Amino acid sequence: MRTLALAGILLIFQVSALAQSLSDLQQQKENAAKEIEMTSRLLNQVQQKEKASLNGLQLLNNNINQRNTIISNLTSEIKLYQEFIQNNNLVVEMLTEDLEKMKAEYAQLIRLAYLSRNAGNQLLFLLSADNFNQAYRRLLYMRRYTQFRNNQAAIMKTLQQLLNEKAENLENLKATRQQLLAETQNERQKLAREKNQQSREIQKLKNQQQDLRQKLQQQRSIEQQLEREIQRMIEEEARKNREAGEPAYALTPEQLLVGENFEQNKQRLPWPVERGVITERFGIHRHPVLENVQIRNNGINISTEPGSKVRAVFNGEVSRVFGISGGNSAVIIRHGNFLTVYSNLLEVTVKKGEKVTVRQNIGTVYTDFEDGNKSVLKFQIWKENQKLNPEEWIGR
């Protein structure tokens, strides 16, 4: 029965590995689907305006990226199911081979039992022993033989039940794999439509290059104003510390504790808006339309719905509330030696020096109804004068 034991081990290992891998893939697929749902809702709002917009293109690009994630995960799921089907086929072959061998052995046992079915023959077999010890051993043999024959029958029954279950399981696995193939095909069709729409939007926007360059220059000016204000605030606080005879970035015990807690919550901070999608990422990257033009973002841009409330991502103290020429209002919150920056706000509901708590509303995102109903929060995280990637801090 070594084959049966090996089959059992193979099944246990395969089921465990498949379950974990499938769980991870399905979670990623579910997250991508939720983001597509949110992005599509924002796209519908943007597309109420006939004019093509950069924000609309960025939302569409995000949809395409998430759609590719879903297709990739579906492909991985199909591979896992195919591997599981192959291993199940191997187990079925092993079990079938075992069962056939046992049937042959059992048939031989039955023939022997038939030949010795007469009670008189069994008694004669005992009485023909040379001595009492030999007779006793023959009696034990007969009992063990009967027990062995019964055990063989029970094992054969269990094997047959297991084979029936595996056959049914194989059919279910094949049906699931077929369903995943159909789902993949459906997602590929959606992706093709989105790529066609993307090409049309890019072509429309290329006809607006002068307007795009002006907006990019305006955006750079806003970013520079914001960065200068952050640096000014940091320098002012450092100067005050030095004048008090303390290190430039000295913190109170309370600020130190807040900073440590902030850092311990890396990758677990809540989003600064309740619902949204990232449409521009941290760092330097290529402009989605203008050739040979790069964009530098000190944080991330989160597209959300008109009227969305902005929330503090952690406990802290408001260090600055100020306006930016052409860029609406901004709020800087200090969390120990960390800063979070929220800009492009229409309204601000906090003031300098105010203590805030995690998820507390601090304002409302500005909506540009003339530019495709665009509602974008610009969010940054700094560790003193070092810029950090917010995607590495907020929850997935």
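Here the structure is a predicted model, which is why all the values come from computation and not from measurement.
With no hydrogens or angles considered, no side-chain donor-acceptor pair links Thr279 and Asn301 at under 3.5 Å. At a cut-off of 3.5 Å, with distance as the only test, a side-chain donor of Asn297 or Glu280 sits close to an acceptor on the other residue. Under the 3.5 Å distance criterion, with hydrogens and angles disregarded, no donor-acceptor pair is assigned to the side chains of Ser375 and Thr304. In the model, Asp24 has no side-chain atom that pairs as donor or acceptor with a side-chain atom of Gln28 under 3.5 Å. In this structure, a donor-acceptor pair under 3.5 Å is present between the side chains of Arg296 and Asn298. Between the side chains of Ser343 and Asn328, not a single donor N or O lies within less than 3.5 Å of an accepting N or O.
By the rule that hydrophobic residues join a cluster once side-chain heavy atoms approach within less than 4.5 Å of another member, Tyr366 and Leu377 end up as members of separate clusters. Under the 4.5 Å side-chain contact rule for hydrophobic residues, Leu346 and Ile222 do not share a cluster. Following chains of ILVMFWY side-chain contacts shorter than 4.5 Å, one can reach Trp271 starting from Phe262, so the two form part of one hydrophobic cluster. No path of Ile, Leu, Val, Met, Phe, Trp and Tyr side chains, each step under 4.5 Å between heavy atoms, connects Val376 with Ile381, placing them in separate hydrophobic clusters.
The main-chain N or O of Lys195 is found under 3.5 Å from a side-chain atom of Ser199 such that the two form a donor-acceptor pair. For Asn62 (side chain) and Gln58 (main-chain N/O), no donor-acceptor pair under 3.5 Å exists by modelled atom type. With hydrogens and angles disregarded, a donor-acceptor distance shorter than 3.5 Å links the side chain of Asn44 to the backbone of Ser40. Between the side chain of Asn389 and the main chain of Phe282, no donor-acceptor pair closer than 3.5 Å is present. Using a distance-only test at 3.5 Å, with no hydrogens or angles considered, no donor-acceptor pair links the side chain of Ser72 to the main chain of Asn68.
Electrostatic pairing of Glu223 and Arg220 does not count as a salt bridge here, judged by no charged N lying under 4.0 Å from a carboxylate O. Salt bridge status for Arg334 with Glu237: present, with a side-chain N to carboxylate O gap under 4.0 Å. Under 4.0 Å is where a charged nitrogen must lie from a carboxylate oxygen, and between Lys34 and Glu30 at least one such pair does. In summary, Lys309 and Glu274 do not engage in a salt bridge, as defined by a charged side-chain N under 4.0 Å from a carboxylate O. Using a 4.0 Å cut-off between a side-chain N of Lys or Arg and a carboxylate O of Asp or Glu, Glu187 and Lys29 do not qualify as a salt bridge.
Applying the 6.0 Å contact sphere to CZ of Arg286 captures no more than 12 heavy atoms from other residues, nucleotides or ligands. More than 12 non-hydrogen atoms from other residues, nucleotides or ligands lie less than 6.0 angstrom from CD of Glu236. The local environment of CD in Gln231 is crowded, with over 12 non-hydrogen atoms from other residues, nucleotides or ligands closer than 6.0 Å. Within 6.0 Å of CD on Gln178 lie no more than 12 heavy atoms contributed by other residues, nucleotides or ligands. The neighbour count for Gln210 CD, taken as heavy atoms of other residues, nucleotides or ligands under 6.0 Å away, does not exceed 12.
Looking at every heavy atom in both residues, Val313 comes nearest to Tyr342 through N-OH, 3.2 Å. Across Glu384 and Ile234, no two heavy atoms sit closer than the pair O-CD1, 3.1 Å. Closest non-hydrogen pair, Pro270 versus Val358, comes out as CG-CG2, 3.6 Å. Nearest approach of Ile324 to Ala330, heavy atoms of both residues: CD1-CB, 4.0 Å. Residues Leu57 and Pro288 come closest through the heavy atom pair CD2-CB, 4.0 Å. The minimum heavy-atom distance between Lys266 and Glu392, with the atom names listed, is CG-O, 3.2 Å.
No side-chain heavy atom of Gln380 sits under 4.5 Å from any side-chain heavy atom of Lys387. In this structure, the side chains of Val277 and Ile302 stay at 4.5 Å or more apart for every pair of heavy atoms. A heavy-atom distance below 4.5 Å is not found between the side chains of Val348 and Ile362. With a 4.5 Å cut-off on side-chain heavy atoms, Val321 and Ser329 do not count as touching. Using a 4.5 Å heavy-atom cutoff, the side chains of Ile333 and Ser319 are not in contact. Between Val289 and Lys206 there is a side-chain heavy-atom pair separated by less than 4.5 Å. Inter-residue side-chain proximity for Arg213 and Leu290 is flagged as met; some heavy-atom pair is nearer than 4.5 Å. Contact annotation: the side chain of Val310 approaches that of Leu345 to within less than 4.5 Å [non-hydrogen atoms, C-beta and beyond].
Distance check: His285 NE2 to Ile295 CD1 gives 5.0 Å after rounding to the nearest 0.5 Å. Rounding to the nearest 0.5 Å gives a distance of 12.0 Å between CD1 of Ile64 and OG1 of Thr69. Taking CD1 from Ile230 and CZ from Phe322, the interatomic distance works out to 6.0 Å, rounded to the nearest 0.5 Å. Rounding to the nearest 0.5 Å places CD1 of Ile202 at 6.5 Å from CG of Asn61. Atoms CG and CD1, from Leu226 and Ile332 in turn, are 6.5 Å apart once rounded to the nearest 0.5 Å. Residue Leu205 holds its CG atom at 9.5 Å from CD of Gln203, rounded to the nearest 0.5 Å.
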Gln360 vs Glu354, side chain to side chain contact (heavy atoms under 4.5 Å, CB included): CA-CA, chis, key distance, verdict:
CA-CA 12 Å; Gln360 178 180 330; Glu354 182 178 341; 3.6 Å; yes
Assess the residue pair Arg188 and Arg193 against the criterion (side chain to side chain contact (heavy atoms under 4.5 Å, CB included)); give the C-alpha distance rounded to whole Å, side-chain angles, the decisive distance to 0.1 Å, and a yes or no.
CA-CA 9 Å; Arg188 290 188 187 282; Arg193 290 195 295 268; over 6 Å; no
Show the numbers, then the answer: is there a side chain to side chain contact (heavy atoms under 4.5 Å, CB included) between His287 and Leu54?
CA-CA 10 Å; His287 192 281; Leu54 188 60; 3.9 Å; yes
As a quick check of understanding, evaluate side chain to side chain contact (heavy atoms under 4.5 Å, CB included) for Asn315 and Val356, giving each step before the final call.
CA-CA 6 Å; Asn315 301 334; Val356 295; over 6 Å; no
Determine, stepwise, if the pair Glu229 / Arg232 fulfils salt bridge (Lys or Arg N to Asp or Glu O under 4.0 Å).
CA-CA 5 Å; Glu229 186 64 29; Arg232 185 183 299 115; 2.4 Å; yes
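You'll find the ring centres of Phe338 and Trp393 inside the 6.0 Å limit.
The residue from Val273, Asn361, Thr357 that alone fulfils the side chain to side chain contact (heavy atoms under 4.5 Å, CB included) condition with Arg311 is Asn361.
Aromatic ring orientation, Phe314 versus His335: perpendicular (interplanar angle above 60°, classes split at 30° and 60°).
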